[in-house]
Student: 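Handing you a structure now.
The shown structure was predicted, so the numbers you read here are calculated from the model rather than taken from an experiment. To find a chain, count down the sequence lines: A is the first, B the second, and so on, and within it residues start at 1.
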Amino acid sequence: MTPESHRAFRRKLLAWFDRAKRDLPWRTSRDPYRIWVSEVMLQQTTVAAVIPFYERFLVSFPNVHALAAADEQAVLNLWQGLGYYRRARHLHAAAKQLIHEQAGELPNDPSVWAALPGVGRYILGAVLSQAFDRRLPIVEANTLRVLSRLFGSRLDPREGAGKVWVWEAAETVLPHKRVGDFNQAMMELGALVCTPVAPNCELCPVRRECVANQFGLQAEIPPPAKKKVLTTAQETALLIQREGRVLLCQRPPTAERGAMLWEFPATAESVGMTVELGPELLTVQHGVTRFRIVLEASEAVWLRGEFASDFYTAGVWLTAEELASYPMSIPQGKLRAEWSKTSRQGRLW
DNA sequence: AAGACGGGGTT
DNA sequence: AACCCAGTCTT
């Protein structure tokens with residue numbers, strides 16, 4: 001593209017944005033806090049899904065001080081149903097960090113934002129360009145598609161050299177004024193016109209500048225994402241009820257994953273488990289899986305499973321109140337005995 | 001570079 | 001079931 005066509009592109013796109021943009025709750029303010037919260041919620045999450053959560057969240061936590069002062073559990077409760085709960089933990093931790101290190105200010109300073117948990121290059125650019133009109137690029141699901149088609153790039157913008165290219169391209173097209181609006185306009189175009197399948201090129205304000213449109217390559221650019229290799233993980237979960245409590249299984253806890261719990265509202269016997277309860281040892285057999293549960297304390301019991309593969313599981317006893325307050329929504333009556341995220345294949349007990 | 005995030009919604 | 005979504009972090 002020539003410098004002239006770059007200018008035409010920016011002008012036409014911004015004019016279209018002024019005309020066609022949706023009224024969204026986070027477009028009513030330049031408050032960096034409100035923009036930040038929206039960007040975190042919008043990660044891998046559709047606009048329609050976010051809106052009610054966003055409005056509720058800001059009523060409870062209207063500013064970074066309110067968020068930092070809240071219990072993590074209160075934050076997670078408001079996040080329940082939105083998914084990717086790590087985002088909420090990071091957001092909360094980052095708010096506390098800003099109180100500590102920046103006296104609660106959300107500055108026009110990329111290095112401060114880059115140091116916050118849960119803030120990557122996208123959120124940094126999105127917040128600073130919208131709140132302060134700072135000249136920083138963004139790349140996300142919409143813009144990588146718009147840019148690839150605009151320049152007719154055959155690279156896969158999601159990885160390797162294509163990823164480098166698309167960030168470069170995002171920087172190249174950036175105007176010097178109205179940077180925040182421009183970044184929003186790129187995403188809005190991707191969401192409303194330059195869609196993944198069957199884009200509305202006849203309605204596109206920048207079709208004259210678009211290489212893909214010129215050559216009719218909209219359907220082939222960007223190339224489809226690499227198919228994920230299917231791997232089947234063998235997992236076995238377990239629940240045992242005793243004295244009004246429920247034993248929930250979890251995968252091996254890691255620093256990142258923490259303790260995610262499963263509920264299983266049935267007795268072991270009802271699902272074909274053999275249970276032997278001794279004074280210090282509980283043995284459970286189900287299929288090829290055998291748990292040996294060491295009873296270490298009356299309030300908490302850890303278990304170790306013996307598997308064909310080399311991972312284990314562990315569990316804790318929870319009260320009904322603790323269970324109810326846990327922020328993860330779990331389908332009642334469903335538990336995956338064998339489960340694979342990538343293949344989404346599982347067998348339900 | 002690859003995978004988790006035990007997400008959620010649409011087609 | 002496949003595909004998509006205003007990504008980030010860990011390994």
Student: Over how many whole Å does the gap from A/Glu39 atom CD to C/dA6 atom P extend?
Tutor: 11 Å
Student: How would you label the contact of A/Ala141 with the nucleic acid (heavy atoms, under 4.0 Å): base, sugar-phosphate, or nothing?
Tutor: sugar-phosphate
Student: Determine whether A/Phe61 and A/Phe57 satisfy the following criterion, ring pair (Phe, Tyr, Trp, His ring centres under 6.0 Å), listing intermediate values before the conclusion.
Tutor: CA-CA 6 Å; A/Phe61 309 123; A/Phe57 194 91; 5.1 Å; yes
Student: Verify the cluster assignment for A/Leu217 and A/Leu150: are they in a single hydrophobic cluster under the rule of side-chain heavy atoms below 4.5 Å apart?
Tutor: no
Student: So which atom in A/Trp26 and which in A/Ile35 form the shortest heavy-atom distance, rounded to 0.1 Å?
Tutor: O-CG1, 4.4 Å
Student: Check this one for me: any side-chain N or O of A/Arg145 less than 4.0 Å away from OP1 or OP2 of C/dC5?
Tutor: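 Yes, because at least one side-chain N or O of A/Arg145 sits under 4.0 Å from OP1 or OP2 of C/dC5.
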Student: In terms of the nearest nucleotide of DNA chain B, which residue is placed more toward the 5' end: A/Gln43 or A/Ala48?
Tutor: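 Going by which nucleotide is closer to the 5' end, it is A/Gln43.
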Student: Need one value for A/Arg121: base, sugar-phosphate or nothing, where a base atom within 4.0 Å counts as base even if backbone is also close, heavy atoms only.
Tutor: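 Here A/Arg121 touches the backbone only, sparing every base.
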Student: Which heavy-atom pair separates A/Pro157 from A/Pro223 by the least distance, and what is that distance?
Tutor: CD-CD, 4.4 Å
Student: Which sits closer to the 5' end of DNA chain B, A/Ala49 or A/Glu159, going by the nucleotide each is nearest to?
Tutor: A/Glu159
Student: Take atom CH2 of A/Trp79 and atom P of B/dC5, then tell me their distance rounded to the nearest Å.
Tutor: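 Spelled out: CH2 on A/Trp79 to P on B/dC5 is 18 Å.
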Student: Roughly how many Å is it from CG in A/Leu124 to C1' in C/dA6, rounded to a whole number?
Tutor: 14 Å
Student: Once you apply a heavy-atom cut-off of 4.0 Å, does A/Trp36 come out as touching a base, just sugar-phosphate, or nothing?
Tutor: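 It contacts nothing in the nucleic acid.
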Student: Take atom NE2 of A/His90 and atom P of C/dC9, then tell me their distance rounded to the nearest Å.
Tutor: 6 Å
Student: Looking at A/Glu168, I'd like to know if its CD atom is crowded, meaning that more than 12 non-hydrogen atoms belonging to other residues, nucleotides or ligands lie closer than 6.0 Å.
Tutor: no
Student: In whole angstrom, what separates A/Tyr122's OH from C/dC5's P?
Tutor: 13 Å
Student: Once you round it to whole Å, what is the distance between C1' of C/dT10 and OH of A/Tyr84?
Tutor: 15 Å
Student: Heavy atoms within less than 4.0 Å of DNA chain C: which residues of residues 182-201 of chain A have one? Give them sorted by number.
Tutor: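 Of all residues in residues 182-201 of chain A, the ones placing a heavy atom under 4.0 Å from DNA chain C are A/Gln184, A/Met187, A/Pro196.
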Student: Taking CD1 from A/Ile123 and C1' from C/dC5, how many angstroms apart are they, rounded to a whole number?
Tutor: 14 Å
Student: Write down the distance separating the P atoms in C/dC5 and B/dC5, rounded off to the nearest Å.
Tutor: 22 Å
Student: Of all the heavy-atom pairs spanning A/Asn183 and A/Leu136, show the shortest one and how long it is.
Tutor: ND2-O, 3.1 Å
Student: Measure from CZ on A/Phe53 to C1' on B/dG7 and round the result to the nearest Å.
Tutor: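 About 11 Å, once rounded to whole Å.
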Student: Taking all non-hydrogen atoms of both residues into account, name the closest pair between A/Thr172 and A/Arg10 and its distance.
Tutor: O-NH2, 3.3 Å
Student: Taking the nucleotide of DNA chain C with the closest heavy atom to each, which residue, A/Gly118 or A/Thr45, is nearer the 5' end?
Tutor: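 That would be A/Thr45.
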Student: Would one find a side-chain N or O of A/Gln44 under 4.0 angstrom from OP1 or OP2 of B/dG7?
Tutor: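 No, outside the criterion.
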